[in-house]
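Quick note on labels: first sequence line is chain A, next is B, and so on, each numbered from 1.
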Amino acid sequence: MQQINHGSNHHEIVLEHGKLHVFANEEVLESFQSKVYEMADNNLRIPRNVYMGYTPDAHVGVGTCIGTTAVWNMEDGCVSPSIVGVDIGCGMRVHTTSLHRNDIVDKKIRRALIAAIEKYVPTNERTNTHYADIDIMNVVQHGLGGLPDKYVPDNQWLTHVEQAVFQYEHAYLEHLPPRILKNAHGQLGTLGSGNHFIEIQYLEISEDQRELAAKWGLFEGQVVVMIHSGSRAWGAMLGREYNMALKEAMHLWGVHNPDPNLIYAPIASREGQTYLNLMYSALNFAVSNRHMIAFGVREAFREVFGSELEMPVLYDLMHNYALKEFHRNRPMLVHRKGATRALPPNHFLNTPAYKTTGHPALIPGSMGTSSYIMVGREEGIKNFYSICHGAGRARSRRATKELVTVDQFQQSLRVGTEDEVLVNHRTLEKILDECPQAYKNVDEIIDSVVGASLADVVAKCKPMAAIKGL
DNA sequence: ATGTAC
């Protein structure tokens with residue numbers, strides 16, 4: 001395998017069907033399995049690919065690795081439901097508070113917060129939304145613009161997001177999968193399961209980032225809430241349905257790929273257009289879902305700390321989507337599957353609120369380890385301004401359950417110590433596959449990203465309480 | 001990931 005080194009942590013790997021750019025330090029690079037290169041090569045067979053890159057958290061996924069940035073020209077390119085993944089619109093959101101870590105160090109207060117959050121944000125499957133008065137058809141068409149005014153505490157909740165509404169041709173809603181309305185109904189403002197979470201964290205800000213942090217309203221020891229969720233059944237059903245539909249179309253067209261799970265179509269095709277348009281409906285659901293989860297979290301915090309408590313949104317952004325973006329003076333379709341956009345200061349794609357500073361790039365850690373708030377650098381263009389989306393899985397859910405004991409999980413959450421990360425579950429057994437041991441070391445991943453000059457760390461977010469769904 | 005399920 002020929003490899004060209006482009007300087008610090010940037011490796012260009014020459015595969016049979018094209019080039020793959022990998023951003024990782026030596027240690028992380030060596031940990032990559034040969035399967036991730038096999039998958040990249042299959043993805044590079046998709047016609048007219050412009051760019052393909054891996055962030056250091058890359059690991060094997062269905063059809064395409066999680067940690068992939070893959071780009072085509074809008075004019076003649078392809079769209080792939082496999083490179084978006086089924087968790088369409090999954091992403092991160094952070095709200096700040098005026099509270100200091102010392103205000104919630106008392107475990108009784110944190111337990112009260114967890115209980116209150118569980119009251120306002122359903123975390124179990126089959127628990128219904130508290131917002132039955134919201135019409136989800138309005139939401140999937142208009143994003144945050146489809147929410148009743150009473151659920152928008154401040155205009156700031158509409159401006160401090162990657163995108164408040166994804167516009168598309170609503171006529172395509174005619175092609176929604178059967179039962180999608182029935183299944184997604186009652187899910188707005190609910191957490192979901194798997195790696196989704198709500199965490200109460202406090203910030204550690206290094207000396208050299210205090211100025212930027214202050215501009216963003218962040219301070220040392222500050223309590224923040226991080227939310228990780230997506231489009232629930234709405235996106236999952238679309239992902240599933242259109243993987244099948246486009247697979248059928250590939251068969252009819254005589255298009256073959258060695259990986260039967262790698263599905264794609266020309267953007268200009270009827271099938272490609274249908275998927276692309278409906279995918280945007282899922283992005284609208286996803287951003288609205290995180291908004292309503294945050295609304296519930298705010299209610300919970302106000303129940304504990306009083307109704308004067310402000311909880312402004314820092315930012316909301318996605319790591320599973322395909323977005324039309326202008327690069328090299330032409331419209332391109334940028335797929336990010338488990339990859340986070342991190343735009344640098346003054347980049348024109350920044351939302352106005354963050355035009356001059358660049359926007360916060362929100363990177364979740366695993367339970368019990370730190371999460372990160374980062375900011376992109378100019379050099380990030382090397383990977384179309386994509387950085388990692390988290391630690392990345394080190395082993396499968398099944399392998400984790402065989403390897404790690406509940407006791408070891410408890411130890412990693414520092415149970416019984418003052419530093420304990422409180423969890424909403426009485427027993428950790430059901431979420432054992434989400435233990436830190438299931439994930440790579442997030443610090444190593446962040447080191448790779450910083451070392452590659454893609455982004456800088458602004459704040460480290462240390463967990464104090466975690467709410468996980470089932 | 002998902003009101004799963006070759």
| CD1 of A:Ile88 versus C1' of B:dT2: gap in Å, rounded? | 11 Å
| query | Taking C-beta and beyond as the side chain, do A:Ile134 and A:Val139 meet within less than 4.5 Å on heavy atoms? | reply | yes
| query | What is the nucleic acid contact for A:Asn124, judged by heavy atoms within less than 4.0 Å: base, sugar-phosphate only, or nothing? | reply | nothing
| remark: A:Lys19 meets the salt bridge (charged side-chain N to carboxylate O under 4.0 Å, His left out) criterion, sequence neighbours left out, with A:Glu12
| query | How many Å lie between CG on A:Asn183 and P on B:dT4, as a whole number? | reply | 6 Å
| said: How close do A:Val79 and A:Pro81 get, counting heavy atoms only, and between which atoms? | reply: O-CD, 4.0 Å
| query | A:Gly194 near the nucleic acid: base, sugar-phosphate alone, or nothing, with a heavy-atom cut-off under 4.0 Å? | reply | sugar-phosphate
| Value in whole Å for how far the C1' atom of B:dC6 lies from CG of A:Asn243 | 15 Å
| message | Applying salt bridge (charged side-chain N to carboxylate O under 4.0 Å, His left out), can you list everything that pairs with A:Arg398, at least two apart in sequence or on another chain? | response | A:Glu402
| said: Counting the atoms with a prime plus P, OP1 and OP2 as sugar-phosphate, which does A:Gly85 contact under 4.0 Å by heavy atoms, base, sugar-phosphate, or nothing? | reply: nothing
| note | Rounded to whole Å, the NZ-C1' distance (A:Lys247 to B:dC6) equals 11 Å
| Between A:Phe285 (CZ) and B:dT2 (P), how many Å, whole number? | 11 Å
| task | Tell me what A:Arg232 touches on the nucleic acid: a base, only sugar-phosphate, or nothing, going by heavy atoms under 4.0 Å. | result | sugar-phosphate
